[in-house]
2 protein chains.
Amino acid sequence: MIRVALIDDHALVRAGVRGELEESENSDVEVVAEAGTVADAIDAIVRSKPDVVVCDVHLPDGTAADVIAGVVERGVTSRFLALSVSDAATDVIHVIRSGARGYVTKAIEGPDLVNAVRRVNDGDAVFSPRLAGFVLDAFSANLESPGNPELDELTAREQEVMRLLARGYAYKEIARRLSISIKTVESHASAVLRKLQLSSRNELAAWAANRKLV
Amino acid sequence: MIRVALIDDHALVRAGVRGELEESENSDVEVVAEAGTVADAIDAIVRSKPDVVVCDVHLPDGTAADVIAGVVERGVTSRFLALSVSDAATDVIHVIRSGARGYVTKAIEGPDLVNAVRRVNDGDAVFSPRLAGFVLDAFSANLESPGNPELDELTAREQEVMRLLARGYAYKEIARRLSISIKTVESHASAVLRKLQLSSRNELAAWAANRKLV
DNA sequence: TCGACCATCGGGACTTACCCTGATGGCACC
DNA sequence: GGTGCCATCAGGGTAAGTCCCGATGGTCGA
């Protein structure tokens with residue numbers, strides 16, 4: 001049996017979801033806790049340690065992200081499925097970022113909801129069809145691109161120095177870390193700026209940030 | 001019926017997958033094309049325009065990413081489900097980044113594979129349980145956090161100067177752009193560093209880069 | 001063996017960043 | 001009508017970055 005906690009500020013919604021989860025045929029889902037606020041939810045989850053938490057995104061005293069943060073802080077490892085009327089990108093991203101393994105809208109049908117709970121319980125990722133697209137878009141858009149042609153012009157040592165420069169280390173620090181003199185660091189830094197056609201380490205920091213080399 | 005193209009360099013694997021997809025009960029899947037190389041795959045997909053492409057990650061003359069790039073370039077909008085023996089993070093991320101909507105390993109069972117194809121066809125995201133975790137981890141780690149509490153401590157003007165500092169502009173440049181004196185820029189910069197507890201503009205650049213404020 | 005490239009240093013000069021103290025006027029809140 | 005916060009600016013100082021000039025030794029390939 002999959003033990004589920006139900007978090008939603010409307011008792012009616014909770015009742016509806018509970019019905020769908022428990023009364024469908026061959027259901028292996030059991031609702032072991034319910035709550036309507038962030039505070040109550042954290043309490044209930046910590047106490048009952050469910051396998052899966054089905055959680056509304058917007059609650060009277062906070063969001064699903066607050067609930068997740070609260071229970072993670074207390075060492076609970078339940079998996080979270082966010083359930084919301086909202087399909088706004090910011091809501092979705094915020095909750096996913098907090099650690100939810102799935103996000104479905106309330107337009108979902110009963111059997112699909114049971115299925116979603118099962119999949120989340122298995123560690124799988126579940127999204128409503130409409131959401132899958134831009135979640136993956138956001139995902140792929142935020143990964144570093146592998147090829148940086150200008151970077152090949154730098155020698156190995158120069159790249160090493162470049163990375164430390166981009167991270168904001170002072171020459172003195174870089175010299176210490178690489179066990180070389182400040183003057184050598186200056187030489188490499190100079191070569192880096194010249195080859196990348198930049199005029200200061202500050203432009204270099206921006207350059208590196210754009211290419212996600214930090 | 002869901003029209004599917006099957007890309008894998010081993011005919012035996014293709015036969016096995018085809019069997020699983022077409023011969024399971026109530027199957028609504030139809031294999032309309034097959035190929036074993038990147039070149040053949042692009043040809044076959046462009047010709048048959050399947051709903052879903054089930055594609056091995058490693059092919060003799062390239063990868064699934066190459067196939068996706070090739071057909072997208074030709075205006076085909078089929079959805080891709082990557083199928084591989086590999087569960088290496090780099091493989092997964094590379095393929096997802098190219099636009100695949102799902103990634104499952106070959107350890108998947110027949111009915112689950114049919115289900116995965118259906119879900120991808122619906123625009124949903126599908127991952128093998130083991131993969132869902134770190135795909136989402138990579139995803140969330142690469143999204144900007146909406147709330148930057150320390151940022152609220154900065155006044156509007158200080159934030160403005162901070163952004164320009166992070167972009168690598170010299171004080172002189174910032175002064176010119178904001179039509180104020182260098183000394184004023186220094187004041188704001190000083191306040192920014194103090195409030196963010198940073199010791200130099202170079203650390204600030206790294207700080208801003210991490211929070212994607214550039 | 002010689003030349004090309006690289007990593008390693010040094011001296012010196014100039015510019016820039018950063019900090020400190022202190023000042024002015026504007027604006028809002030009580 | 002203070003009191004505080006903000007934006008604006010100044011002088012003067014230390015530290016750091018940037019760029020010149022140069023030098024040495026190592027490796028690798030023609």
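Naming convention: chains lettered A, B, ... in sequence-line order (proteins, then strands); numbering from 1 in each chain.
- Here the side chain of A:R74 pairs a donor or acceptor atom with the backbone of A:G70 at under 3.5 angstrom.
- Rounded to whole Å, atom P of D:dT18 lies 17 Å from atom CD of A:Q197.
- When distances run from any side-chain atom of B:L193 to the nucleotides D:dT18, C:dC18, C:dC9, the shortest one goes to C:dC18.
- Spacing between atom CG of A:L196 and atom P of D:dT18 amounts to 13 Å, rounded to whole angstrom units.
- The side chain of A:S190 contributes no N or O atom lying less than 4.0 Å from OP1 or OP2 of D:dT18.
- Remark: A:Y171 is not in phosphate contact with D:dA15, judged by side-chain N or O atoms under 4.0 Å from OP1 or OP2.
- Separating the CD atom of B:E203 from the C1' atom of D:dA16 is a distance of 13 Å, rounded to the nearest angstrom.
- Qualifying side-chain contact (heavy atoms from CB on, under 4.5 Å) partners for A:L193, counting only residues two or more places apart in sequence or in other chains: A:L198, A:L204.
- Following rounding to the nearest Å, A:L198 (CG) and D:dT18 (P) show an atom-to-atom distance of 10 Å.
- Nucleotides of DNA chain D nearest to A:R194 and B:A156 differ in position, and the one nearer the 5' end is that of B:A156.
- Contact annotation: the side chain of B:V38 approaches that of B:V67 to within less than 4.5 Å [non-hydrogen atoms, C-beta and beyond].
- Atom OH in A:Y169 sits roughly 23 Å away from atom P in D:dA15 (whole-Å rounding).
- The two residues B:M162 and B:V192 make their nearest non-hydrogen contact at CG-CG1, 3.7 Å.
- Each end of the helix from C:dT1-D:dA30 to C:dC30-D:dG1 yields a helix axis from five base pairs, and these two axes differ in direction by 40° (to the nearest 10 degrees).
- As rounded to whole Å, 8 Å separates atom P of C:dA7 from atom CZ of A:R157.
- Contacts between residues 175-186 of chain A and DNA chain D, defined by a heavy-atom separation under 4.0 Å, are made by A:K183, A:E186.
- B:L165 places its CG atom 16 Å from the P atom of D:dG17, with the value rounded to the nearest Å.
- Closest approach of B:I180 and B:T184 over heavy atoms only: CD1-CG2, 3.9 Å.
- A side-chain contact (heavy atoms from CB on, under 4.5 Å) with A:V76 is found for exactly one of A:V53, A:I68, A:I45, namely A:I45.
- Residues A:S78 and A:P50 approach most closely at OG-O, 2.5 Å, considering heavy atoms.
- One donor-acceptor pair, N or O on each side, does fall under 3.5 Å between the base of D:dC9 and the side chain of B:S187.
- Nearest heavy atoms, B:C55 versus B:A64: SG-CB, 3.8 Å.
- Note: NE2 (A:H188) to C1' (D:dT18) measures 16 Å, nearest angstrom.
- Between the side chain of A:R201 and the backbone N or O of A:L165 there is at least one donor-acceptor pair closer than 3.5 Å.
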